[in-house]
Amino acid sequence: LAKTTQPISMDSYEGQEVNITCSHNNIATNDYITWYQQFPSQGPRFIIQGYKTKVTNEVASLFIPADRKSSTLSLPRVSLSDTAVYYCLVGRNQGGKLIFGQGTELSVKP
Amino acid sequence: GAVVSQHPSWVICKSGTSVKIECRSLDFQATTMFWYRQFPKQSLMLMATSNEGSKATYEQGVEKDKFLINHASLTLSTLTVTSAHPEDSSFYICSARDLFGAASNYGYTFGSGTRLTVV
């Protein structure tokens, strides 16, 4: 399983774009990159998943460079409710266990 | 979308007693379920993987006799914390994998968690 490295914490203000980068130097050919969001005392919630280049959905974008050794989660115009811990996970989409790294604690201020 | 119901959301028990936590997949069949434990300000730590109809696979360092896992059907897995002690107080979270991967989150859905406090 590829190990991931993320910043421990980030601060932002409402309305700003937030980019959280995750390093995964040992990513395997069959691995996907998935981001989860977790609020206090709740289970993680799926945000976005990608394999290469760019993926966008209604809540975020995921940028993956050609070498796939890192990825960046982009949250446009964050609000106070985006304050949470964000986890980057790397692995196959074949039902294997999900191993969580330390995550990034994002704090959005007014 | 796929929903996983975890019950109870919180429980307080006396030291030495046992507590059962249920994890149900409401609208899909889950061949595999995962149990995590999370201490304050820490990440989720995988405890065990349970497969329907077979014994659970425990991660290194997790006592299988203390954390009993049963996955008797494709929609229900239970975690029983036996002879609980204050150090078992934690946030327990289950995750279920959609049998056919039809869930929008590419197969993994998490429960809302159970806050266990042992006094």
Side-chain angles (χ1 to χ4, degrees), chain A residues 1-9 20 22 24 30-52 55-60 62 64 71 73 83-107, chain B residues 1-10 21 23 29-52 56-60 62 90-117:
Chain A
L1 298 171
K3 181 180 178 180
T4 59
T5 302
Q6 306 173 229
I8 293 176
S9 64
I20 306 174
C22 177
H24 28 80
N30 295 331
D31 287 341
Y32 283 73
I33 300 156
T34 311
W35 286 79
Y36 286 86
Q37 175 192 57
Q38 185 184 28
F39 297 113
S41 296
Q42 293 187 29
R45 182 176 73 101
F46 171 87
I47 301 176
I48 197 167
Q49 184 181 79
Y51 183 80
K52 63 179 180 180
V55 179
T56 298
N57 61 21
E58 63 275 10
V59 298
L62 178 59
I64 305 168
S71 59
L73 174 71
T83 294
V85 179
Y86 293 82
Y87 293 97
C88 162
L89 283 78
V90 175
R92 300 179 182 183
N93 270 356
Q94 296 176 0
K97 53 189 178 183
L98 297 182
I99 303 298
F100 285 76
Q102 65 180 15
T104 298
E105 185 172 12
L106 173 65
S107 176
Chain B
V3 177
V4 170
S5 174
Q6 190 171 339
H7 180 82
S9 56
W10 61 270
I21 302 170
C23 180
Q29 293 180 321
T31 53
T32 305
M33 290 187 176
F34 305 90
W35 287 94
Y36 294 84
R37 179 168 54 181
Q38 186 175 35
F39 292 107
K41 296 294 184 180
Q42 294 187 23
S43 182
L44 286 76
M45 184 190 77
L46 180 65
M47 299 175 66
T49 301
S50 73
N51 296 296
E52 186 265 337
T57 302
Y58 291 82
E59 295 298 304
Q60 190 173 7
V62 178
S90 188
F91 191 56
Y92 292 85
I93 307 168
C94 71
S95 174
R97 175 178 173 253
D98 186 350
L99 176 63
F100 298 106
S104 61
N105 55 356
Y106 296 90
Y108 296 93
T109 303
F110 288 82
S112 55
T114 298
R115 175 76 58 194
L116 170 63
T117 303

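Chain letters run A, B, ... following the sequence lines, proteins first and then strands; every chain starts at 1. Heavy atoms only: backbone and side chains are in, while hydrogens, waters and symmetry mates are out.
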Scanning both residues in full, the closest heavy-atom pair of B/Gln38 with A/Tyr87 reads NE2-OH, 3.4 Å

Rounded to the nearest 0.5 Å, how far apart are [atom1] of [X] and [atom2] of [Y]?
{"X": "A/Gln38", "Y": "B/Ile93", "atom1": "CD", "atom2": "CD1", "value": "5.0 Å"}
{"X": "A/Ile99", "Y": "B/Met45", "atom1": "CD1", "atom2": "CE", "value": "10.0 Å"}
{"X": "A/Lys97", "Y": "B/Tyr108", "atom1": "NZ", "atom2": "OH", "value": "11.0 Å"}

Please determine whether side-chain hydrogen bond (donor to acceptor under 3.5 Å, both in side chains) holds for the pair A/Gln102 and B/Gln42, giving the CA-CA distance in whole Å, both sets of side-chain angles, and the decisive distance to 0.1 Å. CA-CA 7 Å; A/Gln102 65 180 15; B/Gln42 294 187 23; over 6 Å; no

Just by modelled atom types, is the A/Gln42 backbone N or O under 3.5 Å from a matching donor or acceptor in the B/Ser112 side chain? no

Quick check: B/Phe34 with A/Phe100 (ring centres under 6.0 Å apart)? no

Step through it carefully: locate the ring centre of B/Phe110, locate the ring centre of A/Tyr36, and say whether they are under 6.0 Å apart. yes

According to side chain to side chain donor-acceptor pair (under 3.5 Å), who are the partners of B/Tyr36, at least two apart in sequence or on a separate chain? none

Looking at chain B, which one of A/Pro44, A/Gly43, A/Gly103 has the largest number of heavy-atom pairs inside 4.5 Å, strictly under? A/Pro44

In terms of heavy-atom pairs under 4.5 Å, which option from B/Thr49, B/Leu46, B/Val4, B/Leu44 contacts chain A the most? B/Leu44

At a heavy-atom separation under 4.5 Å, does A/Phe39 approach chain B through its side chain, its backbone, both, or neither? neither

Tell me, for A/Leu98 versus chain B, whether the close heavy atoms (under 4.5 Å) come from the side chain, the backbone, both or neither. both

